[in-house]
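None of the values given here were measured: they were computed from a predicted structure.
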Amino acid sequence: MRIGLYGGTFDPIHLGHLIVIENAINEMKLDRVIILPSSNPPHKKHKDKTKADIRVEMVAEAIKDNPKIILSTFESSNNIVRYTHDTLEYFTKNLEAHEIFYIMGEDSFMTIDSWRNYKKILGFNIIVFAREGIEKDSPLVKKVEKVRKDNPNIYLIDILNINISSTLIRSLAKEDKSLKYLVKDEVEYIIKNRNLYE
């Protein structure tokens, strides 16, 4: 099988995340996508985050109607920092009969040189989503072409321009505004019922 890995804080998970996953499934003919909420992401170690178990619950509710998306608590089962290269090595080893792809956004890819053991990461199959179209001479395209010289398995995909962010969701929730059509109804229920982001 062709399996995608998609990590993030998901605080909260929103429809933009789900659209990324569905695009990856369609464009790369993935059989499954494993979604990995992070307990303590390296770049957000000192930022306030909703408790990992609540974020995991929101992800579970958001994906429960899609059998192609599987929730993994590999990165959220405790409060330690999990680095991407560790995650990739773990799943590649444990799913060695399958082809593994790591899904990441343009912003992450453009700053990947600052990630721990980034050269290892760039040796895996990577799907990069362009935020606002694929321009021939853009910094993103140039970086992808540079990485492809060492690893041809870097795939650049255009995404529907859905301008939704977790920051926006938290801001709207803080103001007690509707989150309809931005998150799944089940996720909005958890946010409202637990008084998250107030």
Side-chain angles (χ1 to χ4, degrees), residues 3-27 30 32-84 87 91 102-111 115 127-132 157-198:
I3 299 174
L5 303 178
Y6 186 39
T9 311
F10 303 114
D11 193 13
I13 186 168
H14 53 69
L15 294 189
H17 293 130
L18 300 177
I19 288 168
V20 164
I21 292 173
E22 202 63 24
N23 271 8
I25 289 170
N26 288 338
E27 295 297 319
L30 301 180
R32 298 283 186 277
V33 170
I34 298 172
I35 191 166
L36 294 143
S38 178
S39 171
N40 201 6
H43 60 295
K44 296 182 180 178
K45 279 190 287 189
H46 305 296
K47 291 187 178 180
D48 289 334
K49 297 176 290 294
T50 303
K51 288 181 180 178
D53 60 336
I54 296 176
R55 290 186 282 112
V56 166
E57 183 183 351
M58 288 192 285
V59 169
E61 286 296 313
I63 66 171
K64 67 183 182 183
D65 62 347
N66 190 335
K68 288 194 171 185
I69 309 175
I70 300 166
L71 170 63
S72 168
T73 57
F74 176 75
E75 291 192 348
S76 59
S77 56
N78 52 49
N79 201 37
I80 67 170
V81 174
R82 294 272 191 193
Y83 292 95
T84 299
T87 298
F91 281 98
Y102 189 73
I103 302 167
M104 65 193 316
E106 176 178 339
D107 295 347
S108 296
F109 183 73
M110 291 304 291
T111 60
W115 293 23
I127 300 169
V128 181
F129 274 95
R131 182 182 287 276
E132 294 181 7
I157 296 178
D158 204 354
I159 187 173
L160 295 170
N161 190 12
I162 306 296
N163 193 19
I164 305 173
S165 70
S166 295
T167 303
L168 170 65
I169 306 299
R170 293 194 298 269
S171 177
L172 290 171
K174 187 175 182 179
E175 297 171 14
D176 198 30
K177 292 183 177 177
S178 171
L179 306 179
K180 200 164 186 65
Y181 310 124
L182 298 173
V183 299
K184 298 289 284 288
D185 290 345
E186 296 89 343
V187 173
E188 181 172 17
Y189 176 80
I190 292 171
I191 291 170
K192 301 288 188 183
N193 195 46
R194 307 279 181 86
N195 300 314
L196 303 181
Y197 315 126
E198 285 188 359

#### Entry: Spacing of CD1 belonging to Ile34 relative to CD1 belonging to Ile69, to within rounding of 0.5 Å
12.0 Å
### Query
Which residues pass the side chain to side chain donor-acceptor pair (under 3.5 Å) test with Asp53, sequence neighbours left out?
none
### Task
Please lay out, stage by stage, how Ile103 and Leu5 fare under the test side chain to side chain contact (heavy atoms under 4.5 Å, CB included).
CA-CA 6 Å; Ile103 302 167; Leu5 303 178; over 6 Å; no
### Query
Who pairs with Arg32 by side chain to side chain donor-acceptor pair (under 3.5 Å), at least two apart in sequence or on another chain?
none
#### Entry: Value rounded to 0.5 Å, distance of CG in Leu71 from OG1 in Thr73
6.5 Å
Return all side-chain donor-acceptor pairs below 3.5 angstrom for residues 59-67, not counting sequence neighbours, or 'none' if the list is empty.
residue: Glu61; atom: OE1; partner: Lys64; partner atom: NZ; Å: 2.9
residue: Asp65; atom: OD1; partner: Lys184; partner atom: NZ; Å: 3.4
residue: Asp65; atom: OD2; partner: Lys184; partner atom: NZ; Å: 3.4
residue: Asn66; atom: OD1; partner: Lys68; partner atom: N; Å: 2.9
residue: Asn66; atom: ND2; partner: Glu22; partner atom: OE1; Å: 3.3

### Task
Any chance you could measure Phe109, atom CZ, to Arg131, atom CZ, to the nearest 0.5 Å?
15.0 Å
### Query
For Ser171, which residues count as a side chain to side chain contact (heavy atoms under 4.5 Å, CB included) partner, sequence neighbours excluded?
Glu175
### Message
Quick check: closest heavy atoms across Trp115 and Ser108, and the distance to 0.1 Å?
### Response
CZ2-CB, 3.6 Å
### Message
I'd like to know if the side chain of Ser38 reaches the main chain of Gly8, judged simply by a donor and an acceptor atom lying under 3.5 Å from each other, with no hydrogens or angles considered.
### Response
no
### Query
Partners of Leu168 by side chain to side chain contact (heavy atoms under 4.5 Å, CB included), sequence neighbours excluded?
Ser165, Leu172
For residues 190-198, which side-chain N or O atoms pair as donor and acceptor with protein atoms under 3.5 Å away, sequence neighbours left out?
residue: Lys192; atom: NZ; partner: Lys177; partner atom: O; Å: 3.0
residue: Arg194; atom: NH1; partner: Glu57; partner atom: OE1; Å: 3.3
residue: Arg194; atom: NH2; partner: Glu57; partner atom: OE1; Å: 2.8
residue: Arg194; atom: NH2; partner: Glu57; partner atom: OE2; Å: 2.9
residue: Tyr197; atom: OH; partner: Asp11; partner atom: OD1; Å: 2.7

### Message
To check you understand the geometry: which heavy-atom pair defines the closest contact between Thr9 and Lys49, and what is its length?
### Response
CG2-CD, 4.0 Å
### Message
Give me the atom names and distance for the closest heavy-atom approach of Glu75 to Leu36.
### Response
OE1-O, 3.7 Å
### Query
Is a donor on one side and an acceptor on the other found under 3.5 Å between the side chain of Arg82 and the backbone of Phe74?
yes
### Query
Going through the distances and angles, do Tyr6 and His17 end up as a side chain to side chain contact (heavy atoms under 4.5 Å, CB included)?
CA-CA 9 Å; Tyr6 186 39; His17 293 130; 3.5 Å; yes
